[in-house]
Amino acid sequence: MSTHAPAAPQKINLRRPDIMQAVQAQVLSHYRSELVERIRANGSFLAADNIVIKLAKEFGFCYGVERAIDLAYAARKSFPADKPIYLLGEIIHNPEVNDQIQNLGIKTISNKPTDAEMSVLQREDVVIIPAFGTEVATRRKLEEKGCLLVDTTCGDVMSVWKRVRQYSKEAVTSIIHGKAKHEETKATTSQATAYGTGHYLVVYNLAETDYVCNYILNGGNKDEFLAKFKGAYSSGFDPEKHLQAVGVANQTTMLRGETEEVQRRLKAVMGKKYGAANVDQHFRFFDTICGATQDRQDALQKLLAQPLDLLIVIGGYNSSNTSHLAEMGEAKLPTYFIKNAAKMVSDKLIVHYDQHKKEEVETGDWLPAGKVTVGITAGASCPNNLIEDTIRRLFELRGISVQELLAN
Ligand code: SF4
């Protein structure tokens, strides 16, 4: 009888200069836009007689997304064409990019593979972990199976994991400001419980934070608490025991202002309950909004300070950082969150995502007649070629050819 200890994770060097050179050429051919680069170089705006478009100074692909895409393309180039390569869920939250990855012959399986999917995987099959990471249990299963892991988890996501593990070691419950169902938050919560007795609770917004604060200060109905946060806390979590010391972390792509407010409210309530001098024993926080998210939010804030008639936000509808850009726009002016240029059906009709209803809706007469100034931004998972398509379509709806405009 032979006994197999789980294989040690194998390291694969995909970043060989010859591979990366070929990858970069292919990635550029899929996602680059000369038009966007030209507009950027010309002060981020393009104008014709009755239409002006203004681009945010920072938008589109972030360093984490670029790295994840490069590694996925490099994996395909490094292994023979008949070697199966699998991707856990989506590499990033953009449908066009995910389609391109599938076109390379990379097969998608669930981000948390079922037993049936696991049984198909063979030792030394290549499995790509997406930019938002994966849950500890999934990773362990893949390692036990002897799969070759191409881990594209962004370093900024791993910093959150480090923080949450630290809270767990110190018996501090992680309060994670994020979306409980988002892959990144699921991966992060799995870190809170994987290495000891840690607990976590995910809060999505300020209303949920206030509910938790009120419970900390005044107590409440435990069953109601657990029902309200169903699916958003660790197994065995007891709000009476596990809210005595809390540490805040966040999904990397939340709205910074909101995350700061979550921290402020929880800290204030701990001060009220235990006394200002004892706050440090009951409250920790660490800012884990990633730099790319922050840059895109700051740039949009600056764009929104200028006179604009409407804002177009381009990106995948399940992209967290993109949805927050759309939220910032909505608070100020008519904002249309679209996944591609085809959604601008005509100057009389646009089909766009309503993140509150969680569905696409139609708006008529969205592009005002006469002179119009349109702001444009895009989430960290949106390639420049989709931004170019959007710009071209906007000008086309005004009967202007961008090609001719640039030639003048
Ligand atoms: S949005 Fe931030 S955390 Fe996510 S991949 Fe990009 S850099 Fe990394």
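Order of listing sets the numbers, starting from 1, for every ligand and every atom in it. None of these values were measured; they are calculated from a predicted model.
Between Tyr317 and Tyr353, the ring-plane angle classifies as parallel under the 30° and 60° cut-offs.
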**Request:** Take Glu144 and Lys141, measure what salt bridge (Lys or Arg N to Asp or Glu O under 4.0 Å) needs, and give me the verdict at the end.
**Result:** CA-CA 5 Å; Glu144 277 164 15; Lys141 279 191 207 165; over 6 Å; no
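Of the candidates Ser159, Gly64, Cys62, it is Cys62 that places a heavy atom closest to atom 6 (Fe) of ligand 1. Of all the listed residues (Thr293, Thr288, Thr252, Ile289), Thr252 holds the heavy atom that lies closest to atom 3 (S) of ligand 1.
Near Cys154, meaning under 4.0 Å from one of its heavy atoms, ligand 1 places the atoms 3 (S), 5 (S), 7 (S), 8 (Fe).
Between Asn250 and the choices Thr188, Thr185, Thr288, the side-chain hydrogen bond (donor to acceptor under 3.5 Å, both in side chains) rule is met once, by Thr288.
Here Phe132 has no heavy atoms under 4.0 Å from ligand 1, in either its backbone or its side chain.
Side chain to side chain, Tyr233 and His242 fail the donor-acceptor criterion of an N or O pair below 3.5 Å.
In terms of protein heavy-atom proximity, atom 7 (S) of ligand 1 is closest to Tyr63 CE1, 3.4 Å. Given atom 2 (Fe) of ligand 1, the protein heavy atom at minimum distance is Cys290 SG, 2.3 Å.
Under 4.0 Å is where a charged nitrogen must lie from a carboxylate oxygen, and between Lys228 and Glu224 no such pair does.
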